[in-house]
Amino acid sequence: MLITELKSRETIESLADGQKVFIINCLGCKEVHFPEKEAVSLQKELAAKGEVTGILTTDYICNPENLELRLSKHKKALEEADVILVFSCGVGVQTVAGYLEEKKVYAACDTYPLPGFQGVTPLEYQCDQCGECYLNLTGGICPITACSKSLVNGPCGGTKNGRCEVDSDMECGWERIYRRLEQLGRLDVLKSPVQVHNFATDDEVS
């Protein structure tokens with residue numbers, strides 16, 4: 001099981017500040033605890049400021065086919081949006097970012113583990129439920145799961161020709177991150193001081 005917890009109000013508001021925002025809510029499967037009441041309240045405030053082009057509330061956005069079907073009904077609102085703000089676990093955010101590669105996709109939640117059944121999600125995206133989500137800094141690609149060494153400050157010295165030294169069949173996660181940030185015009189993010197990961201958050205909820 002896992003729990004999604006809203007990032008701080010200040011963080012979410014900063015992601016939306018001065019931007020046209022399309023919001024995606026994933027109510028999740030039964031194993032996911034989603035702060036729906038708090039999310040709806042905050043989204044109403046953003047909408048009141050005229051920053052929201054549309055809101056999609058659904059479930060299983062981690063399923064690419066389902067996501068595509070749902071988003072196809074909101075094409076105009078998506079085109080008008082500068083950023084996509086996703087209220088879901090890390091898998092959902094990565095799925096959205098992979099589908100809307102030309103858009104800035106931001107996570108509005110952090111994901112924590114809870115004891116119990118984790119479920120089976122046979123998809124290419126993974127969430128380590130580490131409690132301190134990096135997706136907003138890395139273009140929607142998780143450095144914890146996309147890198148064999150879970151490096152958060154760039155590629156290791158073993159990457160060669162874009163491949164991982166641990167698994168030659170695996171593309172270097174940080175090469176993917178660099179290309180995505182370049183595509184989005186956000187390479188300046190890499191000039192910021194490294195955000196040291198607080199692994200203690202992994203166990204705070206459990």
Sequence neighbours excluded - salt bridge (charged side-chain N to carboxylate O under 4.0 Å, His left out) pairs with any residue from residues 140-163: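 Counting only pairs at least two positions apart or across chains, the salt bridge (charged side-chain N to carboxylate O under 4.0 Å, His left out) contacts touching residues 140-163 are Lys149-Glu165.
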Rounded to the nearest 0.5 Å, what separates atom [atom1] in [X] from atom [atom2] in [Y]?
| X | Y | atom1 | atom2 | result |
| --- | --- | --- | --- | --- |
| Ile144 | Cys130 | CD1 | SG | 5.0 Å |
| Thr57 | Glu36 | OG1 | CD | 7.5 Å |
| Lys44 | Ile55 | NZ | CD1 | 9.5 Å |
| Thr138 | Leu181 | OG1 | CG | 7.0 Å |
| Leu67 | Tyr60 | CG | OH | 15.0 Å |
| Asp188 | Lys191 | CG | NZ | 7.0 Å |

Got a donor-acceptor contact below 3.5 angstrom from the [X] side chain to the [Y] backbone?
| X | Y | answer |
| --- | --- | --- |
| Thr111 | Gln129 | no |
| Lys103 | Ala81 | yes |
| Lys20 | Gly50 | yes |

Ionic contact status for Asp110 with Lys7, cut-off 4.0 Å: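 Between Asp110 and Lys7 there is a salt bridge, with a charged N closer than 4.0 Å to a carboxylate O.
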Hey, is Glu80 close enough to Lys75 for a salt bridge, meaning N to O under 4.0 Å?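 Salt bridge between Glu80 and Lys75, a charged N being under 4.0 Å from a carboxylate O: no.
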Would Ile141 end up clustered with Leu135 when hydrophobic side chains under 4.5 Å apart are linked, directly or stepwise?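 No.
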Using the test side chain to side chain contact (heavy atoms under 4.5 Å, CB included), find all partners of Ser41 that sit at least two apart in sequence or belong to another chain.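 Only Glu45 meet the side chain to side chain contact (heavy atoms under 4.5 Å, CB included) criterion with Ser41.
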For [X] versus [Y], what's the shortest heavy-atom pair and its separation?
| X | Y | answer |
| --- | --- | --- |
| Ala16 | Leu46 | CB-CD2, 4.1 Å |
| Ala97 | Gly139 | CB-O, 4.2 Å |
| Gly131 | Tyr112 | O-OH, 3.3 Å |
| Cys62 | Thr95 | CA-OG1, 3.6 Å |

With no hydrogens and no angle check, just 3.5 Å: does a side-chain donor-acceptor pair link Ser14 and Thr11?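 Not at all, the side chains of Ser14 and Thr11 share no donor-acceptor pair under 3.5 Å.
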So, Asn25 and Gln43: side-chain donor and acceptor under 3.5 Å apart, yes or no?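 Looking only at side-chain atoms, Gln43 and Asn25 do form a donor-acceptor pair, the distance falling under 3.5 Å.
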Between Val93 and Tyr106, is the side-chain contact (heavy atoms from CB on, under 4.5 Å) condition met? List the steps. CA-CA 7 Å; Val93 179; Tyr106 293 129; over 6 Å; no
State, yes or no, whether a side-chain contact exists between [X] and [Y] at a heavy-atom distance under 4.5 Å.
| X | Y | result |
| --- | --- | --- |
| Met170 | Ser148 | yes |
| Val96 | Ile84 | yes |
| Val86 | Ile23 | no |
| Ile177 | Pro143 | yes |
| Leu151 | Trp174 | yes |
| Asn136 | Leu15 | yes |
| Leu71 | Tyr99 | yes |
| Cys142 | Gln94 | yes |

Walk me through whether Ile61 and Ile24 qualify under side-chain contact (heavy atoms from CB on, under 4.5 Å). CA-CA 9 Å; Ile61 64 172; Ile24 298 177; 4.1 Å; yes
Taking only residues two or more places apart in sequence, or in another chain, which ones meet Arg186 in a side-chain hydrogen bond (donor to acceptor under 3.5 Å, both in side chains)?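 For Arg186, no residue satisfies side-chain hydrogen bond (donor to acceptor under 3.5 Å, both in side chains) once neighbours in sequence are set aside.
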Take atom CG in Asn161; do more than 12 heavy atoms of anything else shown fall under 6.0 Å from it?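 Not more than 12 within 6.0 Å, no.
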